[in-house]
*Asks:* 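Take a look at the following structure, please.
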Protein chains: 2
Amino acid sequence: MNVTIREVARTAGVAVSTVSLVLNRKGRVSRETERKVLDAIEKLHYHPQRSARGLVTRHSGNLGFILSTDHFSNAEPFYTKIFLGTEFEARSHDYYVLLTTIEQQFSEKSIPRFLLEKNVDGVILAGTVPPKILECIKERGLPCVLIDYFPPAGNYSAILIDNADGIRQAVTHLIEKGHRDLVFVGGDSQHPGMRERRDAFRRILAEHDLDADERRICADSLASGAQEGYEAALHFLNNGVKLTAFVAANDAIASGILRACRDRKLRIPEDVAITGFDDVETAITARPTLTTLHVPKEEMGALAVRLLAQLIAGSASAGTKIVVPVQLVPREST
Amino acid sequence: MNVTIREVARTAGVAVSTVSLVLNRKGRVSRETERKVLDAIEKLHYHPQRSARGLVTRHSGNLGFILSTDHFSNAEPFYTKIFLGTEFEARSHDYYVLLTTIEQQFSEKSIPRFLLEKNVDGVILAGTVPPKILECIKERGLPCVLIDYFPPAGNYSAILIDNADGIRQAVTHLIEKGHRDLVFVGGDSQHPGMRERRDAFRRILAEHDLDADERRICADSLASGAQEGYEAALHFLNNGVKLTAFVAANDAIASGILRACRDRKLRIPEDVAITGFDDVETAITARPTLTTLHVPKEEMGALAVRLLAQLIAGSASAGTKIVVPVQLVPREST
DNA sequence: GATTATTGTCGAAACGTTTCGACACTGAAA
DNA sequence: TTTCAGTGTCGAAACGTTTCGACAATAATC
């Protein structure tokens, strides 16, 4: 029923170990026996079995993908796009991707099963993840790549977004459109990426000699959703801050700002302009459509897989960071 | 370094096989030894290794997901949504999902690696797939579930869309809006689902004593994209077919029709109404937004996993079919 | 008290690979 | 001729589990 390496050996008239040698192109095998073995393999339709091979080589042929639960169940397909990017790329590296999610409050009890079962050769982590999981992975000696997150301490390989340049593009774009009074609405300041966006805003405004007062920056909310954007916008408008443009830290926030402006009967983009960040579905479905910064999500996933594969093979060194560029997409909101 | 079942046995002062028994809750183990074993496991942080277990049980703990290459690379995230649905559901069944794509012209050479390596316990196939791959799976004795496809012959388990009812909802909706002269634009008639939509259109119009002449149905294109919709719409308009509403077999076709109508300076929905099918991104991003039939894509993926898990466990019988309902979403195009 | 079931435990054999050291050749160097 | 390096092949051990039959020890039946 089940054709094994033993049968191949018997058919070819050689030892099991010899078959293994030609299978793995290791050691020296004569032209002639190689022929015999290959013929037997062909004839019997033999293919080595993953679990048997994995048992001895300690390689599973799988990569793990870890995402925090709220990122996965989040309606915005930001991280799922990244995940699909890894799936696509993994195929050309002969890996399969195992997806799991973890709670933000991570405990010993909830270690991803693929780690416990030693069922992955490396791990990709997307978005904010608890530091404990990183220790967990390090303990097991697995290489890993972070995406869109970099923890306060430690030397990790990561795929990062060029947040500063994105904000620069947005601000420059607004300045070109004649805006001088900008405000910034940020998100979860725990997230280093979000902080980068906020800091870049401050810095770039200063570079252009524009007012970058603290009161023009609202970035202390814990979440980064439409609701926070809505409230922050109202805060600015109610306090009479002089402004003609909002720079939002992401598209969800921007859509909240949009709603607030509509409630206040402000015309967009005539009265106020708004820019988002990420270029997710929201940006296109919003009315008016959002000018935003396109982040190449699938590509980031693909890059992560490529880097991870190199780390596993030992052809890249841990700590490599790749920063992907973003691209301004002008739409109706500016 | 690597903690094995043997160490657990030693620490607990029992035989290896006994540890295995408590691990798998098989056979009878006394309360007392169970305690000892569990304590040892806890103390050593032991967890059985997947590949070792898989080698003997012949179970991998993985499900395969097969998609045709063009469906995956297709911009429309119809099938990727389904895939994400399987990922989500798989987690609660303790399975991981391995994704692969196959070419439509399938050969012996390109059998998915996870089949060759015996690395999956069951397979999900989404969309049109070559019949040969189905044989391939059957040969290996693996249970499988089809999604949104049913081959001409054979008795398969499948998750299907209630296409007839969807078209019924669309037509009824249009009739309520006062339309009497409807035409249908179909897609790839190789696909059974597409044929169902076309046949349903014909039948339901007849039920309402409306003109369901063959000349009101355009369904012989090979593809099912915007371009085909565009051309079909022009065909109807140029030939002076009397019509006030288009029923499209999917959203891509509908968006093509939309464009044709715009080119002809027809107002939507005043001059002509249009309905789509599937409710993918196109439907929301189109201008005007598309009235369409919402298909619960993630849910279909989840249902497939649930059914496949039951098939593997032997608690469902092969040949089970599940038809999921669709829901009309009225938007600007009608 | 002898027989038979039942219960709990165990040792050993499998599962299908890879890898390592041994070994017999061959031909070249001493 | 003896020694040595290199080549090709092999047998056996290992990888970490599960499972099966054997076997005491205990409990139930006659």
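We use all heavy atoms of the structure for the numbers below, so side chains are in, but hydrogens, waters and symmetry mates are not. Order of the sequence lines sets the chain letters (A, B, ...), proteins ahead of strands, with each chain counted from 1.
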*Asks:* To the closest 0.5 Å, what do you measure between CD (B:Glu7) and CZ (B:Arg10)?
*Replies:* 5.5 Å
*Asks:* Nearest whole angstrom, please: distance from the C1' of C:dC15 to the CZ of B:Arg58.
*Replies:* 7 Å
*Asks:* Describe the nucleic acid contact of B:Ser17 in one word from base, sugar-phosphate, nothing, applying a heavy-atom distance below 4.0 Å.
*Replies:*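 Base, at least one base heavy atom under 4.0 Å.
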*Asks:* Can you name the one residue among A:Thr128, A:Leu160, A:Ile159, A:Ile161 that meets side-chain contact (heavy atoms from CB on, under 4.5 Å) with A:Asp148?
*Replies:*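 Of A:Thr128, A:Leu160, A:Ile159, A:Ile161, side-chain contact (heavy atoms from CB on, under 4.5 Å) with A:Asp148 is met by A:Ile161 alone.
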*Asks:* Look at the side chain of B:Thr86 and the backbone N and O of B:Ala302, then say whether any donor-acceptor pair between them is shorter than 3.5 Å.
*Replies:*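 Checking the backbone N and O of B:Ala302 against the side chain of B:Thr86, no donor-acceptor pair under 3.5 Å is found.
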*Asks:* Tell me: CG of B:Asn24 to P of D:dG16, nearest whole Å?
*Replies:* 17 Å
*Asks:* Picking from D:dG11, C:dG11, C:dT17, which would you name as closest to the side chain of B:Ala15?
*Replies:*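 It is C:dG11.
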*Asks:* Please say whether more than 12 non-hydrogen atoms of neighbouring residues, nucleotides or ligands are located less than 6.0 Å from NZ in A:Lys36.
*Replies:*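 Buried by this count: over 12 neighbours within 6.0 Å.
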*Asks:* CD/A:Glu89 to CG/A:Leu307 distance, rounded to the nearest 0.5 angstrom?
*Replies:* 11.5 Å
*Asks:* Select one nucleotide: of D:dT17, C:dT9, D:dT9, the one nearest the side-chain heavy atoms of B:Thr33.
*Replies:* C:dT9
*Asks:* Centroid-to-centroid, B:Phe72 to B:Phe83, below 6.0 Å?
*Replies:* no
*Asks:* Would you indicate what B:Thr4 reaches in the nucleic acid, counting non-hydrogen atoms under 4.0 angstrom: base, sugar-phosphate, or nothing?
*Replies:* sugar-phosphate
*Asks:* Within this structure, what is the CG-to-C1' distance between B:Leu44 and D:dG16, rounded to whole angstrom?
*Replies:* 15 Å
*Asks:* Find which nucleotide of DNA chain C each of B:Val14 and B:Ala52 is nearest to by heavy atoms, and output the residue with the more 5' nucleotide.
*Replies:* B:Val14
*Asks:* Quick check: any donor-acceptor pair below 3.5 Å linking the side-chain of A:Ser30 to the base of D:dG8?
*Replies:* no
*Asks:* Among D:dT7, D:dT9, C:dT17, find the nucleotide with the atom closest to the side chain of A:Ile5.
*Replies:* C:dT17
*Asks:* Over how many whole Å does the gap from A:Glu32 atom CD to D:dT7 atom C1' extend?
*Replies:* 14 Å
*Asks:* What is the distance, to the nearest angstrom, from the CZ atom on B:Arg50 to the P atom on D:dT18?
*Replies:*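 After rounding, the reported distance stands at 10 Å.
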*Asks:* On DNA chain C, compare the nucleotides closest to B:Leu55 and B:Gly27; which residue's is nearer the 5' end?
*Replies:* B:Gly27
*Asks:* Specify the separation, in whole Å, of atom CG of B:Leu116 and atom P of C:dG16.
*Replies:*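 In whole Å, C:dG16 P lies 16 Å from B:Leu116 CG.
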*Asks:* C:dT19 C1' sits how many Å from A:Arg53 CZ, rounded?
*Replies:*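 Atom CZ in A:Arg53 sits about 13 Å away from atom C1' in C:dT19.
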*Asks:* Identify, between A:Gly13 and B:Val16, the residue whose nearest nucleotide on DNA chain D lies closer to the 5' end.
*Replies:*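 Checking each residue's closest nucleotide, the 5'-ward one belongs to A:Gly13.
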*Asks:* Does A:Thr18 put a side-chain nitrogen or oxygen below 4.0 Å from OP1 or OP2 of D:dC10?
*Replies:* yes
*Asks:* Please work out if A:Ser51 contacts a base, only the sugar-phosphate, or nothing of the nucleic acid, heavy-atom cut-off 4.0 Å.
*Replies:*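 No contact at all - A:Ser51 keeps every heavy atom at 4.0 Å or more from the nucleic acid.
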*Asks:* Between D:dT18 atom P and B:Arg6 atom CZ, what is the distance in whole Å?
*Replies:* 12 Å
*Asks:* Does B:Lys26 make a side-chain N or O approach to OP1 or OP2 of D:dT18 shorter than 4.0 Å?
*Replies:* no
*Asks:* Touch check for A:His59, heavy atoms < 4.0 angstrom, all strands: base, sugar-phosphate only, or nothing?
*Replies:* nothing
